[in-house]
Amino acid sequence: MTSDTPHSQPVPAASGAPAPAAREGAGQPLVQLKDVNKHFGDLHVLRNINLEVRKGEVVVVIGPSGSGKSTLCRAINRLETIDDGEILIDGTRLPSEGKQLARLRADVGMVFQSFNLFAHKSILENVTLGPVKVKGTKPAAAKELAMSLLKRVGVDNQAGKLPAQLSGGQQQRVAIARALAMKPKVMLFDEPTSALDPEMINEVLDTMVGLAKEGMTMIVVTHEMGFARKAADRVIFMADGQIVEQATPEEFFTNPKSERARDFLGKILNH
Ligand SMILES: Nc1ncnc2c1ncn2[C@@H]1O[C@H](COP(=O)(O)OP(=O)(O)OP(=O)(O)O)[C@@H](O)[C@H]1O
């Protein structure tokens, strides 16, 4: 959907960043994909994807445009169907429709490149709607929760405004608060900063780094290599619908194993 951004400068890895092995016993798999395949017509977009994400783990998915990263995210949230294989969230297979889907989908927060806020509802309503409609939270409690989340992402003073009155960075932080209001078990981010002006990227990334530090389980599709270095436990490199390589950020950025990953990094880091 987007090309590689020019904001992807290498930054030093956070010292003491835990390697996946260090977190091995830290949690059970929260997200499991088993032999997942997906076609769009003749195009084989996801090829035999096997992936486990443990509780508290931050996985950054990178790869060339068209490699299937967005489709992977959307499949995990059931926004796309899969042809075969299995996707489990906290051990439960997502149904394809019905009330149970809405409830289970609430466990999987999603933040999109294009914010996807309700244009004609206030910022506060954007955040309260899900808890009230899907979870049956009382309006007063939903408002209290929403205000605390808006405060946490630094936009509580904008609660009465419409999305269009906010900057892109503010709108994306509202989108994060809206997803968090459903108390998700895992957060999916699909290129959350790609539509933002450069000066707004860091305010969104900082919010995401904060979430990662708090132990949120996260799957993040991004071209922001600095974020991957700073916050990821594991980097997954996708190409042509396959997981080609996965490693800690330190390993991946210093010693990518595959030719395709080396090519990709060469292009993106020398942009
Ligand atoms: N709804 C759709 N119908 C048909 N083809 C699709 C659809 N959605 C995605 N595709 C195709 O599937 C392939 C994978 O797309 P996807 O958006 O998952 O890639 P991506 O790695 O996220 O790319 P980008 O980095 O550009 O966002 C692409 O070739 C894309 O054109």
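In listed order, ligands and their atoms are each counted from 1.
- Interface of Leu43 with ligand 1, defined as ligand atoms under 4.0 Å from a residue heavy atom, comprises 11 (C), 12 (O), 13 (C), 29 (O).
- Listed by number with element, the atoms of ligand 1 under 4.0 angstrom from any heavy atom of Ser65 are 23 (O), 24 (P), 25 (O), 26 (O).
- Taking all heavy atoms of Val45, Thr222, Asp190 into account, the minimum distance to atom 14 (C) of ligand 1 is reached by Val45.
- Relative ring orientation between Phe264 and Phe237 is described as tilted, the plane-to-plane angle lying within the 30° to 60° band.
- The atoms of ligand 1 that sit less than 4.0 Å from any heavy atom of Thr71 are 15 (O), 16 (P), 18 (O).
- Within the listing of ligand 1, atoms 19 (O), 20 (P), 21 (O) sit less than 4.0 angstrom from a heavy atom of Ser67.
- Judged purely by atom type and a 3.5 angstrom limit, His44 uses its side chain to pair as donor or acceptor with the backbone of Leu46.
- Under the rule for a side chain to side chain contact (heavy atoms under 4.5 Å, CB included), the partners of Val209 that lie at least two apart in sequence or sit in another chain are Lys213, Phe227, Lys230, Ala231.
- Ligand 1 is approached by Glu191 to a heavy-atom distance shorter than 4.0 Å.
- Under a 3.5 Å cut-off, the side chain of Glu245 and the backbone N or O of Ser258 do form a donor-acceptor pair.
- Between Asn37 and Asp83, the side chains place no donor N or O within less than 3.5 Å of an acceptor N or O (distance only, hydrogens not considered).
- At a 4.0 Å cut-off, not a single heavy atom of Gly63 sits close enough to ligand 1 to count as contact.
- Residues passing the side chain to side chain contact (heavy atoms under 4.5 Å, CB included) test with Lys34 are Gln32, Asn50, Glu86, Leu88, sequence neighbours excluded.
- Assignment of Pro64 to the shell around ligand 1 is supported, since a heavy atom sits closer than 4.0 Å.
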